[in-house]
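Values in this document were obtained by computation on a predicted structure and should not be read as measured data. Residue numbering restarts at 1 for every chain, and letters A, B, ... go by the order of the sequence lines.
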Protein chains: 2
Amino acid sequence: MNIRDLVYLRAIARHRHFGKAAENCNVSQPTLSVQLQKLEATLGVILIERTKRAAMLTPIGEKVLALAEDALGAVDAIHSITADASDPFSGQFRFGSIPTISPFLVPKVLGVLGEKFPRLELVFRENITERLTEDLLNGDLDAAILATPTETPRLMAIPLYEEPLMVIYPLGHDLASLDDLDVSDLPLDQMILLTEGHCFRDQTVDLCRLQSKMTLSETSVTSLETIISLVAAGQGISIVPALAHSSGWLDRPQIGVKPLRSKTATRQLNLTFRKSSPRRALLEAVAEQMARVLREG
Amino acid sequence: MNIRDLVYLRAIARHRHFGKAAENCNVSQPTLSVQLQKLEATLGVILIERTKRAAMLTPIGEKVLALAEDALGAVDAIHSITADASDPFSGQFRFGSIPTISPFLVPKVLGVLGEKFPRLELVFRENITERLTEDLLNGDLDAAILATPTETPRLMAIPLYEEPLMVIYPLGHDLASLDDLDVSDLPLDQMILLTEGHCFRDQTVDLCRLQSKMTLSETSVTSLETIISLVAAGQGISIVPALAHSSGWLDRPQIGVKPLRSKTATRQLNLTFRKSSPRRALLEAVAEQMARVLREG
DNA sequence: TAATTATGATAGGTTTTGTCTATGAACATT
DNA sequence: AATGTTCATAGACAAAACCTATCATAATTA
């Protein structure tokens, strides 16, 4: 059976006339005759009672027509939702980011994207890199802002921003007197870290292990906010992403902030998504907006 | 768009794999690839995100699939109701008969048809010939038991029974002494007739005008039952169909019954229906049962 | 009653669509 | 690097839909 046949049936039922129905369907009258006969043959039932005066539905034809209208309604609905969705900048856009980025970036990004792509329905989800990657792979997420290069073969990334890292310390700390900080200058035993699972912890730890021989502290907390509070309370020092500074999170009287000199003391923010994603154009446009927000603040 | 394409979409969505879906649909994998691409092209939307690992639905694909399932459900329903209805002795059978037949015939006919055709859903409607003919023509009725030959060109009839006519009179009436009655023997001024619209009135009047010069009475009532009551009360005589007699309606102590001698004093009962009716087999079987009931009582 | 008109069915040929096999390209796994 | 898996592409072939021309039958009109 063909959807076209159901359209023909509907037309014949409405016009009660093969010729007019054919005209309405933009086909010839024999086409309609033949196709309806085929439909009737496949169903094993006479749907239309033919007269020279009027073609009328049989009782079973009425029932079939009612169901055909249901089917055609669903098909029409498919056409209408896909017509809307053929605009690449419409529909849901589900993206995530990691906890060490989202508080500084996402509020602004949501605002800008909402303004630039008003037909886009934005859905945001915060999680650690591992979970976001899973969600990307199984299709629950369209994109994620990550700070780690994509190792998963099915994913790819557009670079957004190379973010410097900053040292924060209590104002009275020895570090306050040094001008140009390097990792080797840091008292690593005083370092407050994020707990396992945060990619930013791994990056910090790698950086320290690479550039300093001092033993790392084992103090760890679950959020940058807690780190900042502890530093403000004079409980240690830490390394935080520059965005935390430019977003005003470090504007506290008890905290000093200094950049790290090393060129490797940065993290690379990327917009990561499936290589197979059919929404490349949208993803690139979104990445461009995000990069602009990051550059221009 | 083709219903088959929706089946393919569903299969790919379920198996998340073109090859397995193709196997499931009994077609080759390229067929599925090509057809899905065509579907996506006509809709202007990517429905499936292809990976070497799994083929997964895009968000719009999910929505389209949901609607496709609706459409396929309706199509399945069409197949299932038509499979049931392909039995010619199933479904609704809507028939009617005129008031001067139905009380004697329909109770028995309903019983017999219900027994012989248990899958048939019988719907009965009593009305005068004119209304029944209208209902036949516009398709609201499948058949009607009428006592008039079909004049309408689009209708045809199967003869059921040639029914004699009987004279009824009050027991003390003059007619009681005559043996073999003819219309010309009847005192037409005492005749009680049915009201206009009943074909049986017309037939009676025609018969009397043809075979007698006496002026007809103008007394008329709306039912045979009233006629019988009036005759029983000694208010006149009448002509009634033989079925009224054989059905026991005339078994009253005050009423005498005699047949009319004339060979034209009969009415022909027919099963009338549209020439174009697609249910010829059923109609003929039904007519046969009705004729049997009429013959065998 | 006969001619005319209207309607749906049928036949034969053309175009469009669907399907197959064979093969290719991209990626994942060994 | 080699192998295997997966979907896409190409070209040939088959099926289906469609069109024009024509027919048969019924309804209408002369």
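A search for salt bridge (Lys or Arg N to Asp or Glu O under 4.0 Å) contacts involving A:Glu162 returns nothing, not counting sequence neighbours. Scored by the side-chain contact (heavy atoms from CB on, under 4.5 Å) test, A:Glu69 finds A:Arg10, A:Arg14, A:Leu65 as partners (sequence neighbours excluded). The salt bridge (Lys or Arg N to Asp or Glu O under 4.0 Å) check on B:Arg125 picks up B:Asp135, with sequence neighbours excluded. Residues satisfying the salt bridge (Lys or Arg N to Asp or Glu O under 4.0 Å) test with A:Arg209, not counting sequence neighbours, are none. Scanning for side-chain contact (heavy atoms from CB on, under 4.5 Å) contacts around B:Ala21 gives B:Ala11, B:Ile12, B:His15, B:Leu32, with sequence neighbours left out. The side-chain hydrogen bond (donor to acceptor under 3.5 Å, both in side chains) check on A:Gln268 picks up nothing, with sequence neighbours excluded. By the salt bridge (Lys or Arg N to Asp or Glu O under 4.0 Å) test, B:Arg280 is found to be paired with no residue, residues two or more places apart in sequence or in another chain being considered.
At C:dG8, none of the side-chain N or O atoms of A:Ser33 fall inside 4.0 Å of OP1 or OP2 (strictly under the cut-off). An OP1 or OP2 oxygen of D:dC18 is reached within less than 4.0 angstrom by a side-chain nitrogen or oxygen of A:Arg4.
To the nearest angstrom, P of D:dA16 lies 17 Å from CD1 of A:Ile3. Computed from coordinates, the B:Gln35 CD to D:dA15 C1' distance equals 13 Å when rounded to whole Å. Look at CD1 on A:Ile12: it is 14 Å from P on C:dT7, rounded to the nearest Å. Distance, A:Asp5 CG to D:dA17 P: 6 Å, rounded to whole Å. Atoms CG (B:Leu137) and P (D:dA27) sit 10 Å apart, rounded to a whole Å. Separating the CG atom of B:Leu155 from the P atom of D:dA26 is a distance of 14 Å, rounded to the nearest angstrom. Taking atom CG of residue A:Leu6 and atom P of nucleotide D:dA17, one finds them 12 Å apart after rounding to whole Å. A:Tyr8 has its OH atom 12 Å from the C1' atom of D:dA16, to the nearest Å.
Taking every heavy atom of residues 14-31 of chain A and every atom of DNA chain D, pairs under 4.0 Å involve A:Asn26, A:Val27, A:Ser28, A:Pro30, A:Thr31, by number. The stretch residues 36-60 of chain B comes close to DNA chain C through B:Lys38, B:Lys52, B:Arg53, each having a heavy atom under 4.0 Å from the strand.
Residues A:Arg94 and A:Asp140 are not paired through a salt bridge, judged by the lack of any N-O separation under 4.0 Å between the basic side chain and the carboxylate.
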Below 3.5 Å is the cut-off: list the nitrogen or oxygen pairs between protein and nucleotides 1-3 of chain C, distance only.
none

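Sorted by first and then second residue, the salt bridge (Lys or Arg N to Asp or Glu O under 4.0 Å) pairs with a member in residues 30-41 of chain A read A:Glu40-A:Arg50; sequence neighbours excluded. Residue pairs that meet the ring-ring contact (aromatic ring centres under 6.0 Å, His included) test with at least one member in residues 123-157 of chain A, sequence neighbours left out, are A:Phe95-A:Phe124.
The side-chain heavy atoms of A:Asp84 and A:Ser90, taken from C-beta on, include no pair separated by under 4.5 Å.
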